[in-house]
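As structure tokens, the structure follows; a few thoughts come after it.
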Amino acid sequence: MSKPKAKTWFVFPDVHLPDHDEAALEAALKAHAIIKPDYTLFLGDVLDCGIFSMHPKRKISENQSYDFKKLEVDPCNKMLDRVQKNTKIYTHFLGGNHEERIERWAVGAGAVGESLYSSISPETTLAAGRKNFTYIPYSPTTGDRLGFVQIVKPSAQMTSGGLVAVHGWSFSKHAAYVHLEKSRSQSILFGHTHRAQTIVSRDTWTGAPIKAFNPGTLSKLQPLYMTSNPSEWSHGFGLIYVGQRSWTEYMINVNKGYSVLPDGTEVKA
């Protein structure tokens, strides 16, 4: 009798269409097509939604005419089509604080904005009509603090403990530590900060490793609003293999469109 294989999760961090890095995103998509994972997870901020931002523009080039559907929604749907084609079981899309900008704008615009929201929300423009696909809002209306995806349920059988994914609870320099402190009893995968980070501790009572990790970003590493302040961001994506008794994460760096997968395959954008 053959042993059951581990289930594979492929993780896309923040993309920020159309402020994405073309080579980094293409490398991740090619890796995804090679691996053909069981599950795909987007960590949020796939759209930038700058047109809905309450923050003032700081550069003339940022104030040019902008077509949200053409520059963000349409490219995202094409990417999702490509991803779902190569995903065997299910795709989870965590909304981020940038996707939430749309609803905040709608509320701020009053009755007119609220009436338009149903036609411009991610649930409508990205998720509607897709099979084996769930969009999880950044701030659900169920009373939960933030949306999440339970990748591994904690159980006595799972020696590596539980694993949950969120868009992000902190943007601090030591965000991995902050997430680990907040998550407490489960390991946590997060995005939001654009910095590849990993911190590992141990559950005192079970002995299981407790981790917090972020694969980085697929956005531009130096956006317009940070041209005078060098970032610590880095490109990457994530792989998680979930077995019957344990799970293991691989955070894959992408450098100028190149990455190497755990089996030694080199991917080029």
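- I136 is linked by a side chain to side chain contact (heavy atoms under 4.5 Å, CB included) to H92, L94, T134, V149, counting only residues two or more places apart in sequence or in another chain.
- Contacts classified as side-chain hydrogen bond (donor to acceptor under 3.5 Å, both in side chains) and involving residues 207-220 (residues at least two apart or in different chains) are given here: T193-N214, K211-E249, T217-S219.
- Not counting sequence neighbours, the partners of Y250 by the ring-ring contact (aromatic ring centres under 6.0 Å, His included) test are Y241.
- Here F42 pairs with F12, F93 under the ring-ring contact (aromatic ring centres under 6.0 Å, His included) rule; sequence neighbours left out.
- The aromatic ring centroids of F10 and F237 lie less than 6.0 Å from each other.
- In this structure H179 satisfies the side chain to side chain donor-acceptor pair (under 3.5 Å) test with no other residue, sequence neighbours excluded.
- For N77, the side chain to side chain contact (heavy atoms under 4.5 Å, CB included) partners are V73, L80, L126, R130, not counting sequence neighbours.
- Under the 3.5 Å distance criterion, the side-chain polar atoms of E72 are matched with a main-chain donor or acceptor of C49.
- Listed by chain and number, the residues in a side chain to side chain contact (heavy atoms under 4.5 Å, CB included) with R184 amount to none (sequence neighbours excluded).
- Listed for the S183 side chain is no donor-acceptor partner under 3.5 Å among the backbone atoms of L180.
- For F68, the ring-ring contact (aromatic ring centres under 6.0 Å, His included) partners at least two apart in sequence or on another chain are F52.
- Evaluation of the side chain to side chain contact (heavy atoms under 4.5 Å, CB included) rule for A196 yields S234 as partners, not counting sequence neighbours.
- Legend: side-chain hydrogen bond (donor to acceptor under 3.5 Å, both in side chains) pairs involving residues 24-47, not counting sequence neighbours, sorted by first then second residue: E26-R82, H32-T40, H32-T87, T40-T87, D45-H167.
- Scored by the ring-ring contact (aromatic ring centres under 6.0 Å, His included) test, H16 finds H98, H194 as partners (sequence neighbours excluded).
- For the residue pair L43 and G191, the shortest heavy atom distance occurs at CD1-N, 3.9 Å.
- In this structure, D14 contributes its side chain and H192 its backbone to a donor-acceptor pair below 3.5 Å.
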List, one per line, each side-chain donor-acceptor pair under 3.5 Å for residues 252-260, sequence neighbours excluded.
none

